[in-house]
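Notes to accompany the following structure.
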Amino acid sequence: MAHFMKNETMENMIMGWVDDHQEKLIDLSKKIWEFAELGLEEYHSSKLLAEWLEKEGFSIEMGVAGMPTAFVATWGRGNPIIGILGEYDALPGLSQKKVPRKEPLIPGGNGHGCGHNVYGVAAAGGAIAAKKWLERENISGTIKFYGCPAEEILVGKVFMVRNGVFNDADACLTWHPNSINSLWASSSLAMNSVKFHFYGKSAHAAANPEAGKSALKAVQLMDIGVHFLREHLVDQIRIHSTIPNGGGSPNVVPDQAQIWYYIRAPHRAEVEETYQKLINIAKGASLMTGTNYEIEFITGCYNMLPNKVLGNVLFENMKKVGPPNFDDIDFELAAELTKTFEPGTKELVLQTAGLPRALVEKMLHDEVIEPYDEGKYMSGSTDVADVSWNVPTAQFTTACAPIGTPGHSWQNVVSVGSSIGQKGMLVAAKILGLSVFSLIKNPRLVQQAKEEFAKKISEVGGYVSPLPKDSKPPIIKKTN
């Protein structure tokens, strides 16, 4: 009984630390929301988190894996080594004031439409809260906070994995802002991000078009080929594209053009197979137009391998912490934001996620629900997946936006910049801190997670980085 009471005291200490420092966490999340820095440009955001962790006693290694905004913060000694993943990049074109109507803060600017302003802060807060417990009890164990940039372009963790940044971790935990409080038990889609550059010959489009070789026509023919390919792919494979460069004036045959593809599939092998088909289509488009082409491989990622042992730890601690404590002001904002959804949006978001339809009647999720997505594939991709192929990894979500809020939307930017997102963030910090506590207190759980991981990897095959050996992160140089 005394042992149980001691554990309860430790749990209360960790949750109490988050409560006592909630103003600090909220302030940091507001600053990162205001910075709204894109992937690999998160100089202010990463510095803010790194300096906070350093002040709290963590040693900092900045610029890991060749990325200035990637870092590792370490505290402790010995095993197990428990990692917490943090993100802090924003999205382009989603600048938004904290009002329940579409109104950009900076026209054409960036915004935190995926909630990474609260993501990284909660993760760092959980790491610090767990560290306070280890320090007080003088218990062996190491905590590592991984500052992971550029998740939105699926670059950061893929390069960090390739450079062995996670090699010494025994387990990794993380979370993501959402509109639901539950374990994130589903897999994700593997992905390649690749640009095809075509080069032709310019000419006057009216006077002597026969002298030209249109790079734009090559791009168009390639996209037509990809369109016809879709009929012969399994339903879960998704290919989407943009044409960042289609030429200039219509009276000039374009000598350069570019098309950018995302190729997604439930398994890495399916992505690779589809990618080879696109390369063949590019060859055909090149032959038909007499142009040349080059391939620019941006990044790739794997499908998620959620670890059930770690997932159970996260979910048990989620039940202990409970849902965010939303008040009338939160519900009023949620109601105003929900009014701005297109008709049927809320129902469609719930259906796509596989959530109970009854949730359509709720504005904010004020309960913790059992995992609902195990064995499924979410329709998006995440570079957390690449970590999960190298280290036992699990994640969860908390309610940081009204139920049914579309991802990557201006409504999401408002939510995570308000007390709705901040309350979800504080819950997430407590869950992460408690889960580090659970794993270090019970090293057998870590061993079980590693055994499950080893068995799963033996079934699916080992990890091979999707990145070409000479690939480097697309760094954006800092400007003043």
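All heavy atoms count here, side chains included; hydrogens, waters and symmetry mates do not.
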With a sphere of 6.0 Å drawn around [atom1] of [X], does it hold more than 12 non-hydrogen atoms of other residues, nucleotides or ligands?
| X | atom1 | answer |
| --- | --- | --- |
| Lys102 | NZ | no |
| Lys195 | NZ | yes |
| Glu210 | CD | yes |
| Lys362 | NZ | yes |
| Arg162 | CZ | yes |
| Lys456 | NZ | yes |
| Lys201 | NZ | no |
| Ile279 | CD1 | yes |

Are side-chain N/O atoms of [X] and [Y] paired as donor and acceptor at under 3.5 Å?
| X | Y | answer |
| --- | --- | --- |
| Gln395 | Thr174 | no |
| Asn192 | Arg268 | yes |
| Asp330 | Ser419 | yes |
| Ser182 | Trp184 | no |

Taking ring-ring contact (aromatic ring centres under 6.0 Å, His included) as the definition, give me every residue that meets it alongside [X], ordered by chain and number, with sequence neighbours left out.
| X | answer |
| --- | --- |
| His176 | His116, Tyr119 |
| Phe341 | none |
| Tyr302 | Trp389, Tyr463 |
| Tyr275 | Phe297 |

Do [Y] and [X] meet the salt-bridge criterion of a basic N to acidic O distance under 4.0 Å?
| X | Y | value |
| --- | --- | --- |
| Lys144 | Asp168 | yes |
| Glu374 | Lys308 | yes |
| Glu87 | Lys157 | yes |

If every non-hydrogen atom of [X] is compared with every non-hydrogen atom of [Y], which pair is closest and at what distance?
| X | Y | answer |
| --- | --- | --- |
| Ala123 | Leu432 | CA-CD1, 3.7 Å |
| Ile106 | Ser95 | N-OG, 2.7 Å |
| Arg264 | Ser381 | NH1-OG, 2.8 Å |
| Cys148 | Tyr88 | N-OH, 3.4 Å |
| Asn117 | Ser29 | ND2-O, 3.3 Å |
| Lys31 | Leu48 | CB-CD2, 3.9 Å |

Using a 4.5 Å cut-off on heavy atoms from C-beta on, say whether the side chain of [Y] contacts that of [X].
| X | Y | result |
| --- | --- | --- |
| Pro306 | Thr393 | no |
| Ile32 | Leu49 | yes |
| Thr398 | Pro177 | no |
| Val416 | Trp33 | yes |
| Leu233 | Lys277 | yes |
| Ile403 | Leu364 | no |
| Ile457 | Leu305 | yes |
| Val384 | Met304 | yes |

Ring centres of Tyr146 and Phe166 under 6.0 Å apart?
->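 Close enough - the centres of the two rings lie under 6.0 Å apart.
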Could you tell me if the ring centre of His267 sits under 6.0 Å from that of Tyr377?
->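 Ring-ring flag for His267/Tyr377: true, centres closer than 6.0 Å.
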Under the side chain to side chain donor-acceptor pair (under 3.5 Å) test, which residues partner Gln351, sequence neighbours left out?
->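 Not a single residue meets the side chain to side chain donor-acceptor pair (under 3.5 Å) criterion with Gln351.
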Pairing residues for Glu336 by the side chain to side chain donor-acceptor pair (under 3.5 Å) criterion, not counting sequence neighbours |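 In terms of side chain to side chain donor-acceptor pair (under 3.5 Å), with neighbours along the sequence ignored, Glu336 is linked to Lys339.
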Please lay out, stage by stage, how Thr69 and Glu41 fare under the test side chain to side chain donor-acceptor pair (under 3.5 Å).
-> CA-CA 7 Å; Thr69 57; Glu41 299 179 39; over 6 Å; no
CD of Glu152 to CG of Leu38: how many Å apart, nearest 0.5 Å?
-> 9.5 Å
How many angstroms lie between NE2 in His197 and CH2 in Trp260, if you round to the nearest 0.5 Å?
-> 10.0 Å
Any cation-pi pair here, Lys97 with Trp410, using under 6.0 Å and within 45°?
-> no
Taking the six-membered ring for Trp, are Phe196 and Tyr261 parallel (under 30°), tilted (30 to 60°) or perpendicular (over 60°)?
->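 Phe196 and Tyr261: perpendicular rings.
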Audit row: Lys455, Glu459, salt bridge (Lys or Arg N to Asp or Glu O under 4.0 Å) steps and yes/no = CA-CA 6 Å; Lys455 183 177 183 296; Glu459 294 170 352; 2.7 Å; yes
